[in-house]
S.K.: 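Quick one: the structure is below, questions incoming.
Chain identifiers are assigned alphabetically (A, B, ...) following the order of the sequence lines, protein sequences preceding nucleic acid strands; residue numbering begins at 1 within each chain.
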Amino acid sequence: MSNNLNDLKATKTVDARSMACPGSLLEAKKAIITVNVGEVLEILSSDQGSREDLPAWCKKTGNEYLGHLKRDGYDSIFVLRKK
Amino acid sequence: MPDLITLEAKIKELEAQVDTLRASAPDDKLSMVVMSGDLDKLLAAFIIASGGSAMFEQVSMFFTFWAIPALRDPKKNPPAKNFISAMFGKMLPKGSTSLKLSKMHMGGMGTWMIKNLMKEKNVLSLEELIKKAADAGVKIYICEMSMELMGFKKEEMIDYPELKLAGVAKFLSDAGSSKSTLFI
């Protein structure tokens, strides 16, 4: 996978910044089925727990966690839909 | 050269073993018993349940004892009850909005403060979490025995799409085939 997340183009971005746990998970679950297999979903989250939660969610659901980029007061989290 | 007939027999044997393993493997389910009637513990239960709906194919919550009043709908009037049941009804919380914190309730001050803090920090209220759980298809079962014991009726419970009465066998059968089981 590209090790430069900055070059990554997400097919869709969902904003979970106004949500505390488990908001980002629920948004990820809702949004992942709106992109095709092989496409990237970007989740914006201001909840630092998401850095642990989304990798765990990916592992459980069989998707690939690509990493996160630190932004100003939130993270951009990238998930590749695998199935 | 291994002989084909032995190989075929081996494969058959392995297939049978895989079938047995599959049948005994847990389903992708999370089951929890919710016994506490404390606001903080119910928040935890519903955060885990709604988060769990993104991780598991099925999430079930079994409400028993002190947790049952949290599911009462304050707008609904229960059918006529005997004296003791009516007393229970009066003394126990009438729905999710009248629950107390297990610690630092401080005559209502602490609970009021935590509810305000939750709003400020974008934490969903218990009512919103119940709605999320409903939308995500989380199943709620109420223990019929303890509900009857406390004198509550199903008619006074909230409108929730997957709310049913059940007994211990239903919980045990669900828990037995679940990947995770919690008691709150």
Side-chain angles (χ1 to χ4, degrees), chain A residues 10-35 37 39-66 68 70-83, chain B residues 25-32 34 39-61 96 113-140 161-162 177-182 184:
Chain A
T11 308
K12 186 171 184 167
T13 302
V14 286
D15 191 347
R17 281 178 295 182
S18 57
M19 299 169 199
C21 176
S24 59
L25 275 189
L26 296 175
E27 288 305 306
K29 186 205 176 187
K30 256 195 285 175
I32 196 75
I33 48 173
T34 64
V35 302
V37 173
E39 289 179 341
V40 175
L41 172 69
E42 179 185 19
I43 300 133
L44 311 183
S45 174
S46 48
D47 181 25
Q48 281 203 25
S50 299
R51 291 181 194 168
E52 297 294 328
D53 271 15
L54 282 159
W57 176 79
C58 286
K59 197 174 164 208
K60 179 75 176 61
T61 54
N63 295 298
E64 190 178 334
Y65 179 77
L66 301 176
H68 74 270
K70 272 182 82 161
R71 311 268 196 213
D72 186 18
Y74 66 95
D75 289 332
S76 278
I77 295 167
F78 298 96
V79 172
L80 175 70
R81 182 173 179 191
K82 296 272 270 204
K83 57 180 208 178
Chain B
D27 299 333
D28 196 27
K29 291 197 295 194
L30 164 69
S31 305
M32 38 213 252
V34 188
L39 174 63
D40 37 17
K41 293 190 181 128
L42 275 145
L43 281 167
F46 274 98
I47 287 172
I48 296 171
S50 55
S53 70
M55 309 270 288
F56 294 89
E57 270 167 31
Q58 193 195 306
V59 179
S60 318
M61 306 173 90
S96 58
M113 283 193 311
I114 218 75
K115 284 185 179 172
N116 279 318
L117 271 176
M118 283 168 62
K119 241 180 247 160
E120 200 184 301
K121 308 252 180 215
N122 293 318
V123 175
L124 294 178
S125 67
L126 184 53
E127 296 69 45
E128 289 166 325
L129 281 166
I130 294 175
K131 176 88 182 29
K132 284 259 183 243
D135 292 346
V138 172
K139 293 185 160 74
I140 292 184
E162 296 266 6
S177 58
S178 290
K179 280 187 177 159
S180 282
T181 316
L182 299 172
I184 295 175

S.K.: Give a yes or no on whether B/E127 atom CD has more than 12 heavy-atom contacts from other residues, nucleotides or ligands under 6.0 Å away.
M.R.: yes
S.K.: I need the B/S53 OG to A/L26 CG distance, nearest 0.5 Å.
M.R.: 5.0 Å
S.K.: How long is the straight-line distance from CZ of A/R17 back to CG of B/N122, given to the nearest 0.5 Å?
M.R.: 12.0 Å
S.K.: Between atom NZ of A/K60 and atom NZ of B/K179, what is the distance when rounded to the nearest 0.5 Å?
M.R.: 4.5 Å
S.K.: When you look at NZ of B/K29, are more than 12 heavy atoms from neighbouring residues, nucleotides or ligands closer to it than 6.0 Å?
M.R.: yes
S.K.: Please report the shortest heavy-atom distance between B/G51 and A/L25, naming the atom on each side.
M.R.: O-CD1, 4.0 Å
S.K.: Atom NZ of residue position B/K115 - does it have more than 12 heavy atoms of other residues, nucleotides or ligands inside 6.0 Å?
M.R.: yes
S.K.: If I take atom OG from residue A/S18 and atom NZ from residue B/K121, how far apart are they, to the nearest 0.5 angstrom?
M.R.: 15.0 Å
